[in-house]
Number of protein chains: 2
Amino acid sequence: MGSIKSNGRRVFLNDEECPIRNVVAQIGDKWSILIMFALIDAPDRFNSLKSRIEGISQRMLTQTLRDLERDGFVLRTVYPQVPVKVEYELTELGKGLSASVWTLVSWADDHHADIRKARQQYDEVNAE
Amino acid sequence: MGSIKSNGRRVFLNDEECPIRNVVAQIGDKWSILIMFALIDAPDRFNSLKSRIEGISQRMLTQTLRDLERDGFVLRTVYPQVPVKVEYELTELGKGLSASVWTLVSWADDHHADIRKARQQYDEVNAE
DNA sequence: CTGTATCCACCAAGATACTG
DNA sequence: CAGTATCTTGGTGGATACAG
């Protein structure tokens, strides 16, 4: 549909072409990043992930894992035992994304204090 | 509330401490990144931003700019002319964030084809 | 153990109309 | 020009029950 330009580079807004829409928006949801980070060190099983990521529901874990699998970030392997065991691990693509995201989260962590201070100031000035 | 560990580093889930929740989630919305990228090269006025970022509504532009201002990423300056002129620009903090985000978007752009291919494959295998 | 299937509440976000 | 005020709605995500 449209686009903006930044640093001489076109950033598309339409859903087909825009990397922001297609990638950043996908992992900008509530759980994607947390799940990927939980898989950075080693593969893990469904229920183990569920207990490590506090607050996530079974439904959201399943759904988010499916989305990550669909995008090629996560590989799902079923071991036909009884009871069945399902392991999730990052693909090479997923590892690359995680590394990129880590840069951002790292920045966020380093500047967390500044941001909280800015918020506090803003709220004081615009006191309700 | 809880936390997960990644690379030997604790990633908190509670709203007070978690940098993912506090920063990534904030800019993971529909418009924040696009607005910041629109301001990377130079400051801009409200209506100019509105026309450059196609598809954004007046309401969302105002609201997202307020949030970015509150977090200290954007500076708002009012010039008391007639008609009034309001300029928005990135702060140093905002420039730092934009740079970090750019890394991610850049990665996304480079691997966009892989992701789309993965999706296509997934959808073929799981044909409805 | 690893899911799927429903139902439902909430809220982000669009449309529209109005204002300093 | 640069907003604010309402109203409405689609979709995200939680709770719960059930199944292979």
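Because the structure is a prediction, the values reported are computed rather than measured. All chains are named by letter (A, B, ...) in the order of the sequence lines, taking the proteins before the strands, and each is independently numbered beginning at 1. Side-chain atoms are counted along with the backbone in the values below, which use heavy atoms only and exclude waters and symmetry mates.
The CD-C1' distance, from A/Q26 to D/dT12, rounds to 13 Å in whole Å. In this structure, B/K50 atom NZ and D/dA2 atom P are separated by 12 Å, rounded to whole Å. Here the P atom of nucleotide D/dC1 and the CD atom of B/E87 are 15 Å apart, to the nearest Å. Taking atom CG of residue A/L61 and atom P of nucleotide D/dT12, one finds them 17 Å apart after rounding to whole Å. One interatomic measurement links the two molecules: CG of B/N126 to P of C/dT4, which rounds to 10 Å at whole-angstrom precision.
In this structure the side chain of B/V101 reaches within 4.5 angstrom of the side chain of B/I27, judged on heavy atoms. Using a 4.5 Å cut-off on side-chain heavy atoms (C-beta onward), B/Y88 and B/L49 make contact. Side-chain atoms of A/F46 and A/K85, non-hydrogen and from C-beta on, never get closer than 4.5 Å to each other. For the pair B/S32/B/D67, no side-chain contact is recorded, criterion being any heavy-atom separation below 4.5 Å from C-beta on.
A/A108 is linked by a side-chain contact (heavy atoms from CB on, under 4.5 Å) to B/P19, B/V23, counting only residues two or more places apart in sequence or in another chain. In terms of the side-chain contact (heavy atoms from CB on, under 4.5 Å) criterion, residue partners of B/E92 (sequence neighbours excluded) are, by chain and number, B/K95.
OP1 or OP2 of C/dG3 sits under 4.0 Å from a side-chain N or O of A/Y88. For D/dC1, neither phosphate oxygen OP1 nor OP2 lies less than 4.0 angstrom from any side-chain nitrogen or oxygen of B/R45.
Among C/dT4, D/dT4, C/dT2, the nucleotide with an atom closest to any side-chain atom of A/T62 is C/dT4.
Side-chain N or O atoms of B/T91 include one that pairs as donor or acceptor with a backbone N or O of B/G72 at under 3.5 Å. In this structure, A/R52 contributes its side chain and A/A38 its backbone to a donor-acceptor pair below 3.5 Å. A donor-acceptor pair under 3.5 Å is absent between the side-chain atoms of A/N47 and the main chain of A/K50, judged by distance alone. Side chain of B/D29 to main chain of B/W31: a donor-acceptor pair is present (N/O by atom type, distance under 3.5 Å, no hydrogens or angles). One N or O on the side chain of B/S51 and one on the backbone of B/S48 form a donor-acceptor pair closer than 3.5 Å.
With a 6.0 Å radius and a threshold of 12 heavy atoms from other residues, nucleotides or ligands, B/E89 has its CD atom above the threshold.
Within residues 69-83 of chain A, no residue has any heavy atom under 4.0 Å from DNA chain D.
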Give each protein N/O atom lying under 3.5 Å from an N/O atom of nucleotides 10-14 of chain C, with the pair distance.
from	atom 1	to	atom 2	distance (Å)
C/dA13	N7	B/R59	NH1	3.2
C/dA13	N7	B/R59	NH2	3.4
C/dG14	OP1	B/K30	NZ	2.8
C/dG14	O6	B/R59	NE	3.2

Shorter than 3.5 Å, N or O on both sides, protein versus nucleotides 18-20 of chain D: list them out with atom names.
none

Check the pair B/D123, B/Q120 against side-chain contact (heavy atoms from CB on, under 4.5 Å), reporting the backbone distance first and the verdict last. CA-CA 5 Å; B/D123 290 342; B/Q120 207 173 331; 5.9 Å; no
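Computed from C1' positions of five pairs at each end, the angle between the two local axes of the helix from C/dC1-D/dG20 to C/dG20-D/dC1 equals 50°, rounded to 10 degrees.
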